[in-house]
Structures are given as structure tokens and as C-alpha cells.
Amino acid sequence: MLRITQYAEVIVDVPTMQTNRPYTYKVKKEFENEIDSGMRVVVPFGRGSRLVQGFVMRVFTQNSFEGSLKEITALIDFEPVLNTESLELAKWMARNTFSFAISCLQTMLPGALRAKYQKELVLIDGRELSKEVSAFFNTRKSQFLDEQKVSADLLTKLLDARKKGKVKLNYLVNDRLLPKKVIFVKSILSKEQLEAAKKNLRANAANLKKMLDYLIRHSQEVQQTILEKKLKITAQTLHSAEKRGWIKRFEKVARRNPVENMEIVKTHPRELTVAQKEAVTAINADIDNENAITFLLEGVTGSGKTEVYLQAIAHVLAKKKTALMLVPEISLTPQMVKRVIGRFGTQVALFHSGLSAGERFDEWRRIKEGKASVVVGARSAVFTPLENIGVIIMDEEHESSYKQEKMPRYHARDVAKWRADYHNCPVILGSATPSLESRARAQKGVYRWLKLPQRINNRPLPAVSLIDMRQEAKKTRFPDFSQSLLDAITVRLEKKEQTILMLNRRGYSSFMMCRDCGYVLNCPNCDISLTLHLDTHSMKCHYCGHEEKIPYICPACGSKQIRYYGTGTQKVEKELRQLFPQARILRMDVDTTRRKGAHESILRRFGERKADILLGTQMIAKGLDYPEVTLVGVLNADTALGMADFRASERTFQLLTQVSGRAGRAQKEGKVIIQTYNPNHYALLLAQKQDYEEFFNQEMNIRHRGGYPPYFFTIQVTASALDEGNAAKKIFETYTELKKVLGRNSFILGPTPKAIMRINNRYYYQLIIKYKKEPKLNACLHALLQKSQRDERAGVMITIDKEPLNFI
DNA sequence: AGCACGCCGACT
DNA sequence: GTCGGCGTGCTC
């Protein structure tokens, strides 16, 4: 019988421009019936044929590659981890975001499925080894090599031994996949035997007795940790019971449940307002017609957008389809999660960065196996392998966290629309303050525009006052608090109502400066001042992580007159405690929420009214709904306005509108106090009035005059190098190249050095292309990247960011 | 990324 | 003469 040789196109895990294309491999006979596209494989790559992970993109029989082919070493998966849709999406994304295909493929999988490489040194000839090398092997035949842990001296000796053929270097590809093993406990005695054992116990063996009592009552197996918690006993007791032959302990594979300890209350569909009903009807019609259309659901805070989402999801589920709901990381609060799970139960899968690698993997697997039909998650959830999607929802669509800031620089909104096209289903973009881009598209009829103009029960919007801090700051001893805000807090404390205080920290930090000579402590690697951290008692660089002691003497002039400028949450907390010693204060910022679950626990405590004041950064602005909060204070509304970014007003308006919505959500009337140094700025005045329409009009005018999005598309090209001159040279070369190609209706801003020109000793230069229509631009930029491969050798890197959100 | 090849200077 | 520096090219 004639056998046909199979070949496979593989994308290898070598993230560089040069290797960013499929390579053809021969498929061994033994894999012929197993191999499929979307599987991960191990392949030999490069001259040394080191083993790397790869993704099979295509299996075929007609090979056109002329050179000699290597064989696939091993299949990592029994079945594909990526389906056809994911592979197609990855290809599209790589092309559209100027990213490596391998990076796109990797981001679609949970981290646990990403390859981990280990280097193994194998001893071949043990004679005449140096002392250090012998000590490294320490009688073993092979040893793992971690370059980070081995001294530079030993490393050269090891590599030397390798060159002499005494030692061989192997590359191992491991899976990080880790099914969770849980220890279970089960009694192996009968009730009678247990009773007998209990009688023979010493009188003071209280823990053993507790355990025997439990076992007598419950004969089924139980998880060890749960038993320990329930009976307040330790593993010690269980070990001793095992030794006595009462119980057996054994391992089981378990699902990690991210909402294990959450109390879920069943929720029911709510009565809809007229506007909500109209929205649901319109959406459901397009769900039924399998229309890949985009809706913009614009509704003020408290107008019931979530209920619209939930009813659309219910409609989809009734049709035996699935639903994807994207939420910003920051508003994936327990409140929101409870509401969705309360409605749809165990078919909901959660997907966000707060989960451990194991939990993420388990949720991903549930989705893939079709055991979850609703996915709620942050940005990366847009890639979850749901099949037969009936609706995709993106809440708070204006949120900048939907755009990934590192390779691949995708926007979840674009991916959502791509998938909606693939599945023929509608997308719902929801927001109280839509991005100008989306709102403009709705106006032009590109999106279907749905509005929820009324708050539920016609609750009044809270009264918002702007406080001019230019005057106020002079009056008080505490420059962060105006008298009006202090008075308002005092009243809430007396009435036992709650207060939320927000500190806008974007582009803002507390730094150290010498009063005598003006010296500012900067990072040695980056062009940025170090930030004071009171919890670790150190000065840290937020870009490269550099950390050093807090200076008490000026390093420049030796003066002791050192001051700390800027407002950090820690400093404000200290001031608050002085001002209101009787108040219970909770602080929520990156420092207090780093630990897993800390975020939830702070919010829960506040929700249980265990604190009077919640002080935090932007992260408290969204999604919270506490009826007892009647005062919201924004300490510094305008730090974002000071930034040279055309989106500054938009961000400020969105944030203030958002945070104002936190006050007075129940019966009690809410009050919002915004402290600002720019009380006449239109973004602040219109946020005060909660007038999105007027803000949209004014801002669009400004964008039109300045030639900014949404009137123009933008692309940012960055060149970076260790040597400043090389980076500058490259960006000017790029500029000249682009000038040749661009039409007369397109513009280039720059080239300029970036605002923070040096990060981790690399210098950054950038230019921004503004265009309306440039059909050849994509191809041109790809050619540019292709050509700059040679410079990459010299350490000059080019990155391209389509529609960047940060221009600095 | 990682490895080999090759072309230069400074050493046994 | 050869050892080793790292610029350049290539990986199915």
C-alpha cells in the first residue's frame, strides 16, 4: 500500500521578527493519525536542533519546501488546544497588531499551557573535570541548569566542559499544566469499630475524639483541609489517626473553584423600564437573526445596563447558545460576579487576572469542554474557546484596560467584533460615557445606538460641587483637604453614613526633593523620579523596579531639609487619621491590594460598614454600589488634565462621572465634592452637570480642530536602543521612509523623544502617523518591520502600536 | 533566541 | 601560527 507522507506547518516559540513564519516539519508515522492543527508540538529548531515548543497551524501532504525537513519530536496534546477559529483569529491579530504569531497564539491560552524550558546538563566524560564542575554534578549523571542561579564563573567552566565534549546540553520542553490534587480523608473502619476506638482514647485526646465523632456521623470521604477547618484540628491529628489505621488519605484531581467561598443568592429577572425593554427587544431580534451587528448601549449610571445584558444572555441561553461578557478588571467585583452567577448558576465561568494559574486553567478547560456557557471576564477572556456564541457584551467599553499595552497590542473591542463576525452574533458595547470613537460611530449609524436616559426609579443624580483649591489650599493646614470636604466628612461621621475618597493618581506620584538645593532623587536607569513607599520604607522606580533607601540627607548638598512632595494614598491616610481620629478608615491602592483576595476583603469590610471612610485610587471608582455611601470626595480631579495627552479631558470626564455615580444609589441623597485647580475647565464643569452629550459635542469640536481621533486614525512607531543616537537615527530614517509613502492628507507628528525618554537604560523615540485613508500603510509598516530586522542585531528595536491609548 | 561561521587582533 | 573577540546569517 502506498503511504503518503504528512507534513505540518508549525509556528515555533522563538519570538523574533526573523522566525515569525511557519516552518514545515515531517510527521512521523506514529503521529499520523494523532496530529491535528491547533496542537502543541515539540520540534527541533536551529543548527543545534534545540527543542522548542510550536503550534501546528496546518497538516498537509503536498510539500513545496525544497530544503531538507526535520521531524516533529513529540506531540504535547492529545487533542488540539486551539480550534480553527482561534488559529484564524491569531493569524488575523498578528497581521493587524504587528505582533509575532507565536505571541498571539500564546495569549489565547491560559498561562499554565505556556511552555517552560529547562536546560539539562548531562555528564558524558567524568575524567579531568574541574573541582567546581564535579561539585555541580555531585555524583549525579545529569543536573538542571538555571543560569540565573549559577555564578558567572561556574557557568563559564560548565560551558567550557561542554565545548570539550565532557558535558552535553539538553533542552527540555515542559508543560506547566498542573491539575489540582487534593487530599481526601475517608474512614476505613465501621461505625462500631470507631465507637470502640473512641472508648479506648485517653481522656485528654480531645482532637482525636472530635474527629472520631465526626467520622461516626459522616461515612463519606471529605477533603482534608475542609475537615481541618470544620473541626479546628491540624494535619497532625489526621496523621496520627492514619497511623492508628482509622482513616485512609488519598489524592484526587479537583476543580479549583474561584467562587468557592462566595455566598450566592439566586437573582431573578427584574422588571424592565420602557427604555430597557426597547433595548432588549432590539438586541434579541438581532440575536435571533444571527446578525453580526454592533450596538452602543449608552446609559447613565444607575440606568440598568446590567439588567439588559443579563436578559440578552438569558435569551441566548434559551437558544442553546453561549454568551461572552467582558468587564474591566477593576469592576469584576464580588457584587457583579454574584449577580451574574446568581442568575445563571454553575454554567458561568469566571476569567480574570485575580485567579491563580491553576484556577484560570480549570475555568478555561470547563469552557473548552462546553461545561460553561456564560463567560464573564476581563480583557483576555475575549479569547476563551466558547463555541456557538450568541452574544458578546463589553461593559464600560471606554475603559483603557481593554487595550493590552504589551505585545500583542490588541484591543479587546476589535477582537470581540472579529469573533462576532465569525459567529454571526451581535456585540453590545455599554457605557455611561462611551469613548468618543464609539459614540461617533453610533451617530454615523455604523453602530446601532440604544439609549437608557433615565435612572431606575428616577433617582436624582447626586449634587456635585466643584471646589477651587487655588483658594482653599491656602486656608487649611492640610493642603489636600478643602474646608467644604472636611465639613461634609464630619457630617457623615456624625450621621453614621459612609464616605468614599478618591485620589487620582494617574501620572502622579510622591517624590523627594531637597528644599535647599532643589535636588530630586531620580532612578539611575530611567528618566523619572523615584516614588516614596511608606510601607516598605524605600524609594521605588515604577518603571524598572529599582529600589533604594529613603535618604535623610540630601545626596547632592548634604542638607537635612528634605521634603516629600505629591500626594500618595498613604500620606492622605495619615492626614485623615490626624483630622478624624475617631473615624475607621480603609485604604485601597496597589500597595494594599497586591495580595490575592485583598481587594475583595477590603470591599467586603466596607460593605459590611466596618469602616466609615474608604480611601483609594481609581480602582474604587467603578462598579461599587453601597447604599450607605452618601459622600464621594475627589481629592485631586485634575492631575490627568496636566498631561500632554489629547485624551486627558475625556479620561477626566469619564472618571469623574463614574465616581459621582457612586454616591446616593439608594434612598438617601448623595453628595459629590470635587477638588480642583481648574474649576473652569469644561471637562469638570460638564462632569459636574453629568452632561455627556454636551461634553461629546465640545470634545468632538476640539478633536476636529486638532485633527485627532475619531477624525483621524493613529499609529505610533517607537524606536528604542541602548544608545540614544541609534534610537534617534532609526526614528528619523523611519520618518523619511514614511514620508515617501504617505498621501498628502496624512500627517506625521514628530519624531520626538518620548516623555520618559529613558527606561531601564533604553532610549525611546517616537512618531505618530495620523491618517484617514492609507490602503498601503499596513503593508508598508510590515515591510518596515521586516527591513529593521538587521538593526535588531545592533539592539535597535522598532515597535508599532495601532490606535495607541497613551501618547506620551 | 541560540548557534555557527568567519574575519580581525593579541597572545602561547 | 592559533585562540577568542563579536558582527552576520540562518533556523523547516
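Just so we're on the same page: letters track the sequence lines, and every chain starts at 1. The structure presented is a predicted model; accordingly, all values stated were derived computationally and were not measured.
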Could you work out, with side-chain hydrogen bond (donor to acceptor under 3.5 Å, both in side chains) as the rule, every residue matching A:Thr718, not counting sequence neighbours?
none

To the nearest angstrom, the CZ-P distance between A:Phe55 and C:dC12 comes to 19 Å

Between C:dT11 (C1') and A:Glu66 (CD): distance, integer Å:
17 Å

Whole-Å distance, A:Phe100 CZ to B:dA1 C1', equals 11 Å

Polar atoms only, N or O, under 3.5 Å: list the protein pairs with nucleotides 2-4 of chain B and their distances.
from, atom 1, to, atom 2, distance (Å)
B:dG2, O6, A:Arg793, NH2, 2.6
B:dC3, OP1, A:Tyr171, OH, 2.3

Whole-Å gap separating C1' (B:dA1) and CE (A:Met407):
13 Å

With under 30° as parallel and over 60° as perpendicular, where do the rings of A:Trp418 and A:Tyr422 fit, or are they tilted in between?
parallel

Give A:Ser49 one of three labels, base, sugar-phosphate or nothing, depending on what nucleic acid heavy atoms sit under 4.0 Å from its own.
nothing

Polar atom pairs between nucleotides 4-6 of chain C and protein, under 3.5 Å, N or O only, would you list them?
none

Pairs touching residues 84-107 of chain A that satisfy salt bridge (Lys or Arg N to Asp or Glu O under 4.0 Å), sequence neighbours left out
A:Glu85-A:Arg419, A:Glu88-A:Lys91

Check whether the side chains of A:Ser746 and A:Glu774 place a donor and an acceptor atom closer than 3.5 Å, and report yes or no.
yes

Can you tell me the distance, in whole Å, between the CE atom of A:Met17 and the P atom of C:dT11?
16 Å

Under-4.0 Å side-chain N/O to phosphate OP1/OP2 contact, A:Tyr25 with C:dC12
yes

A:Gln53 CD to B:dA1 P: how many Å, rounded?
17 Å

So, A:Tyr410 versus A:Phe383, ring centres under 6.0 angstrom or not?
yes

A:Glu79: partners by side-chain contact (heavy atoms from CB on, under 4.5 Å), with sequence neighbours left out
A:Lys368

Can you list the residues that meet the salt bridge (charged side-chain N to carboxylate O under 4.0 Å, His left out) rule with A:Lys119, with sequence neighbours excluded?
A:Glu147

Both conditions, 6.0 Å and 45 degrees, for the charged tip of A:Lys770 above the ring of A:Phe712: are they met here?
yes

In whole angstroms, how far is the P atom of C:dT11 from the CZ atom of A:Arg21?
7 Å

Give the rounded distance in Å between these two atoms: CD of A:Glu9 and P of C:dT11.
16 Å

Distance to the ring centre below 6.0 angstrom and angle to the axis at most 45 degrees; does that hold for A:Arg360 and A:Phe351?
yes

